[in-house]
Structure formats: structure tokens, C-alpha cells
2 protein chains.
Amino acid sequence: MASLDRSLIAGLSIFEGIGSGDLDRIVGQARSIRIAKDQPVFEQEQEAHSFFLLLDGHVRVIKSTPDGHEVTVRYISPGELMGIASALGRTTYPANAIAAVDCVVLAWPSQLWATLATNFPSLSANTYKAVGTRLQDAHTRVIEMSTEQVEQRVAHALLKLIKQSGKKTEDGILIDFPISRQDVAEMTGTTLHTVSRLLSAWEDQGLVKSGRQRVVVVEPHRLLVIAEGRAAKS
Amino acid sequence: MASLDRSLIAGLSIFEGIGSGDLDRIVGQARSIRIAKDQPVFEQEQEAHSFFLLLDGHVRVIKSTPDGHEVTVRYISPGELMGIASALGRTTYPANAIAAVDCVVLAWPSQLWATLATNFPSLSANTYKAVGTRLQDAHTRVIEMSTEQVEQRVAHALLKLIKQSGKKTEDGILIDFPISRQDVAEMTGTTLHTVSRLLSAWEDQGLVKSGRQRVVVVEPHRLLVIAEGRAAKS
DNA sequence: TCGCTTGTTTGCGCTGTGGCAAATTTCATC
DNA sequence: GATGAAATTTGCCACAGCGCAAACAAGCGA
């Protein structure tokens, strides 16, 4: 399979600045795995035996709280690394990662990170740059949760999703994996009821079209207005 | 000054596994800077010319939103790195860092990171481990904001503060830098009014003692009960 | 010592959201 | 096409916590 995906893989930002020979040497040490929808890629607290690169599909990263709440930390799109506990000096995964659709991933044994990082400094630099972005994102998330109302947070969440995994359709931009009201609620710290009410209202205003596990954003620009908190109260 | 602080510095977790000769070589390239209370260590969006190690004092890291809200990202205690944008492939600081009290920091030029990291792998590993912890903390924060009520969040914030910067007194554990109700509000995503009400209530119950820019936790254990959400409604 | 500034407390009313429950739709399976 | 499970919608109510405003300390400088 390696040969088939090579051109795709070579274009990923993680491998920027890495020669094609080196790339082969890196990818050659990974095994390719298929993960069926709703199956875990890795699980919270579990020993971090591998780290992964998502080649195809979408993965949801979730943390569960002791009292039974679930919070979606982020969604992973093709080309992103996940489970890189080893690069951050951890021995267990900090969260659950679950395939939102059928996925294909590359998996490297965790102990390989150290040698890969020293042999391929660009790989290391690119990885830590991605970590920096993630840290930023997490802080942005904290800020949103601290200062915005539910309506703005949900709007922001949808905008993020279409930017990351949007697919053009004739109706608008579709989030191209199944996503329920409950899922959106877990991303934004609210309830599925409130999300449902919001989506209904937005649908009435022609902002979005949505159905069972399906959201299409018709007017991203107007959604952005809501996200920024400059919405005209109807 | 370097000689005076050497034993202190050698014990920091960032320098774990680094020989004393190497340590000198690393620290020798930093300059020591005093920063007066309320003065910035670095500022959001500003070119990241240096990265820092806090030797003494306490620093507040803040992000400002376009609409004038301020959110406290975290507090930094002695021994922690800050402003390590360069290690994460960024060229500007992502937030404001302000001295909560008079501080002493070591500062290295950002461009030095690359050579330090390659010459001293332990330094690099320790740093990224700290980054990993920070990422964890940020996610924990998101989860708290998503699932907990204000009362629990404030309780958690106080517990974090006393763990990080607590100082034993005869009354209880004092947060040993000036912290206002407003500051706590900015850590927990609420208003100074609500924080004030909570502290008043807790003071009545003998849980804390507080005054102007000052909080002493008298009964950490009972505060933890509140933080966990297992509090008996009075 | 007397202001003056800055931080804190507290009352009151309002509202955004959560909680609950029931009805309804959609999809998958037999 | 019938049956059932899962997702969604919606109405109603309750209340946590915010906003506003006014009164109160507590330091600090002159």
C-alpha cells in the first residue's frame, strides 16, 4: 500500500522538508491499519504503544469525566498526527480516540519516536510545531468557553468543522462525516437540546440545513457574524 | 549572580539529567533580568525574541479578546519556562505575561533554542514533557469549563493555586501573591461579583479567609469536596 | 491625618440554558 | 412493509449566575 499513497503522504505538512529517501525510511517503519467506524484508535489511560498518522477518515478525541460527562477535545482530519504521547514524554494516552467513520492510519511503535526525532530533525520540528498549534487551539477553546455564549460557541464549532472537514455541495458546505446534536453539544459544553433549538432556528433563517447526523452550512458568512457576537437579535 | 543561584537552578526539573558542566554552558548564555511588579515579561503578538525561565516571583499569563475580555491562561511559578514560542515553531508570543510581583527571570535569545535542543537532548526532552503537561492542563481546563458549575470551577482554581504557590501560615494555606476577585474571575470564566459572593459564603463556613487581594484556604479538604461537586447544599 | 483610588460586598431583577418529558422523525433490520 | 431503536424536536419550568448600581472597606500618597 505504501507505494499507492506515497504522493499523498509526501505532501503532508508533517513531512515538509524531508527528502523522498528519508520519507521512505520513515514510512517504511510504520504499519498501515484500518479501523472500522466507532472503533477506538487508542484509549485513555492505556499504555501508549504507538503513535499514529491519520491517512483517511475522521477521528473524534474524547475525554470522559468521572461523573459520566463526555467532552470532545477535537476532531482529527487526514494528515494529522495523533497519540503522540511519546513525543511529549508521556507513557499513556490522555484521551479516547474513536473513528467517526472507517479510517486508515499509519502506526509507529512509540519507542521509535526518539530515533526518528534525532535522525530527522525536520520531522521533529514539524511535529512540535503542530503541538504548538494544538496548544494554541486549546487556549482558544478555553477563551471561548469563558467569554462566549452558547450560540457563539456552537457557531464557532460549526465554522471550525467546515474549515477542517467541509465538503462543497450544491446546498452549501457539508460536514463530511456523521455528527449528531449530541456531538456538537460535547464540543461546545452544552446540551443536545440547546443545539437542536439553535439549529432549528438557524434553519428557519436559511443559515444551515441539517438532518439526522448531518449538517450543511448554507451561509458561512452569516454564521460568522453570530460567532463574533455581532448578531442582530431577531 | 549565576553562582549564587546555581544550586537552586540545578535542582529544577527542566535540567534533570544534565551534567553540571553542561548546565553552566546553558545558563551561561542567558542573561538575568529583573522585572518589576505589573510589568510585562512579553506581550501578545510581539516578536518572540527570547524565551524565559522564571527564577523568582510569579507571572500571570493573559489573553485579551477583541471585545475587551481578559482571560487568565495560567500562573507561572519559579522553575517554569515561559515564552517558548521558538520551541514550538512560532515567531510571536501567543499571550501577555505580566509579573504578579517583582520577578527575576533568565532570558535566552530565541534563536539559541535550536542549538541548545540538539546539543542537550535532555533539555529538549524535559521541555517537551513540560509542554505535554501544559497541553493536558489546557484540556482539563476545557473540560472543567464544559462540565462544572461556577462554584466548582472557583474551588478548583483555588486548589490549583495553593498547590502551585501555597504558603503555610497559622491560619491555613496562603496564596502567596496578590490576587483579586477579578483575577480569580478571569481564571474561571465568571465575574468578580460571583467570586466575591462565593468567597463570602465560604468564609462564613470557615472554609477560607480572604481580604483585599489575599486568599487563605483554611480547609483544603472541604474545598475539594466542593470542587468535586459532592457538596451538601446548605 | 485626610482624602482618593482601588478593591470588595451585597441587593435585586432578568434571562439564557439546563432539565425533564413527550411527541415525532429517521433509519436499520427483519 | 412492519417493527424497533436511535436521533431529533419542542414545550414548559426552574434557577444559576450575570448585569447594574450603590454602598463599603482598605490601603496609599500628600
Side-chain angles (χ1 to χ4, degrees), chain A residues 36-38 60 65 67-71 100-101 144-155 157-158 175 177-205 208-216 226 229 231 233-234, chain B residues 37-38 60 65 67-72 100-101 144-155 157-158 175 177-205 208-216 226 229 231 233-234:
Chain A
K37 177 175 171 174
D38 294 330
R60 215 149 40 102
T65 67
D67 55 305
H69 273 107
E70 307 237 295
V71 177
V101 295
E144 284 179 11
M145 297 291 306
S146 300
T147 63
E148 296 179 354
Q149 316 232 101
V150 170
E151 188 177 31
Q152 302 177 57
R153 301 207 302 268
V154 173
L158 293 186
I175 297 169
F177 53 83
I179 184 163
S180 69
R181 308 291 184 260
Q182 176 71 36
D183 293 333
V184 177
E186 287 174 4
M187 296 181 68
T188 51
T190 180
T191 61
L192 81 165
H193 305 277
T194 299
V195 172
S196 177
R197 283 182 244 269
L198 279 173
L199 287 181
S200 297
W202 290 344
E203 183 129 25
D204 291 346
Q205 299 170 41
V208 303
K209 296 191 179 205
S210 69
R212 190 194 177 87
Q213 311 218 79
R214 189 166 165 288
V215 178
V216 180
I226 292 175
K233 288 279 162 189
S234 63
Chain B
K37 177 176 172 173
D38 293 332
R60 214 148 41 101
T65 66
D67 55 303
H69 274 106
E70 309 237 294
V71 178
T72 299
V101 293
E144 284 179 11
M145 296 293 305
S146 300
T147 62
E148 296 179 354
Q149 316 235 93
V150 170
E151 188 177 30
Q152 302 177 58
R153 301 206 302 268
V154 173
L158 293 186
I175 297 169
F177 53 83
I179 184 163
S180 69
R181 309 291 185 261
Q182 175 72 35
D183 292 334
V184 177
E186 287 173 6
M187 296 181 67
T188 51
T190 179
T191 61
L192 80 166
H193 306 278
T194 300
V195 173
S196 177
R197 282 182 244 270
L198 279 173
L199 287 181
S200 296
W202 289 344
E203 183 129 25
D204 291 346
Q205 298 170 40
V208 304
K209 296 193 181 205
S210 69
R212 190 191 177 85
Q213 309 217 79
R214 189 167 165 288
V215 178
V216 180
I226 292 176
K233 289 277 162 189
S234 64

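Residue numbers start from 1 in every chain, and the chains themselves are labelled A, B, ... in the order their sequence lines are given, proteins ahead of strands. All values below were derived from every heavy atom in this structure, side-chain atoms included, with hydrogens, water molecules and symmetry-related copies excluded. The structure presented is a predicted model; accordingly, all values stated were derived computationally and were not measured.
For B/T147, the side-chain contact (heavy atoms from CB on, under 4.5 Å) partners at least two apart in sequence or on another chain are A/T65, A/H69, A/V71, B/I143.
When the P atom of C/dT8 is taken as reference, atom CG of B/L199 falls 9 Å away, rounded to whole Å. As rounded to whole Å, 12 Å separates atom C1' of C/dG18 from atom CZ of A/R153. In this structure, CD1 of A/I179 is placed 10 Å from P of D/dT8, rounded to the nearest angstrom. Rounded to a whole Å, the NE2 atom of A/H69 is 11 Å from the C1' atom of C/dG19. Rounded to an integer number of Å, the gap from B/Q182 CD to C/dT9 C1' is 15 Å. With rounding to whole Å, A/Q149 atom CD is found 7 Å from C/dG16 atom P. The CD-P distance, from B/E151 to D/dC15, rounds to 16 Å in whole Å. If you measure from atom CD of A/E203 to atom C1' of D/dA7, you get 15 Å, rounded to the nearest angstrom.
Note that CD1 of A/I226 is 6.0 Å distant from CD of A/Q205, once rounded to the nearest 0.5 Å. Taken from CE in A/M187 to CD in A/E70, the straight-line distance is 14.5 Å, to the nearest 0.5 Å.
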Requested in this report: With side chain to side chain contact (heavy atoms under 4.5 Å, CB included) as the test, would you mind laying out the steps for A/I179 and A/V184 before giving the verdict?
Outcome: CA-CA 7 Å; A/I179 184 163; A/V184 177; 4.0 Å; yes
Requested in this report: Show the numbers, then the answer: is there a side chain to side chain contact (heavy atoms under 4.5 Å, CB included) between A/W202 and A/L158?
Outcome: CA-CA 12 Å; A/W202 290 344; A/L158 293 186; 3.8 Å; yes
Report task. Step by step, work out the side chain to side chain contact (heavy atoms under 4.5 Å, CB included) result for A/R181 and A/V154. Result -> CA-CA 10 Å; A/R181 308 291 184 260; A/V154 173; over 6 Å; no
Requested in this report: Quick one: do A/F177 and A/D183 satisfy side chain to side chain contact (heavy atoms under 4.5 Å, CB included)? Show the steps, please.
Outcome: CA-CA 12 Å; A/F177 53 83; A/D183 293 333; over 6 Å; no
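Note on B/R181: every side-chain N or O is 4.0 Å or more away from OP1 and OP2 of C/dG7. Dashed line: the shortest gap from a side-chain N or O of B/T194 to OP1 or OP2 of D/dC18 is under 4.0 Å. Contact check, B/T191 against D/dC18: a side-chain N or O comes under 4.0 Å of OP1 or OP2. Contact annotation: B/S180 side-chain N/O to C/dT6 OP1/OP2 distance is not under 4.0 Å. Side-chain N/O atoms of B/S200 include one lying less than 4.0 angstrom from OP1 or OP2 on C/dT10.
Terminal axes of the helix from C/dT1-D/dA30 to C/dC30-D/dG1 (five pairs each, C1' rotation axis) are separated by 40°, to the nearest 10°.
A/S200 contributes a side-chain N or O that, together with a main-chain N or O of A/S196, makes up a donor-acceptor pair within less than 3.5 Å.
Using a 4.0 Å heavy-atom cutoff across all strands shown, A/S196 reaches at least one base atom of the nucleic acid.
Shown are A/M145, A/E151, A/E144; of these, the side-chain contact (heavy atoms from CB on, under 4.5 Å) with A/E148 is made only by A/E144.
Distance from the side chain of B/T190 is smallest for D/dC18 among the nucleotides C/dT10, D/dC18, C/dG18.
Listed here is the closest heavy atom pair of A/R60 and A/E186: NH1-OE1, 4.1 Å.
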Using a cutoff of under 3.5 Å, can you pull out all pairs of nitrogen or oxygen atoms linking the protein to nucleotides 20-26 of chain D, with atom names and distances?
unit_1: D/dA21; atom_1: N6; unit_2: B/H193; atom_2: ND1; d: 3.4

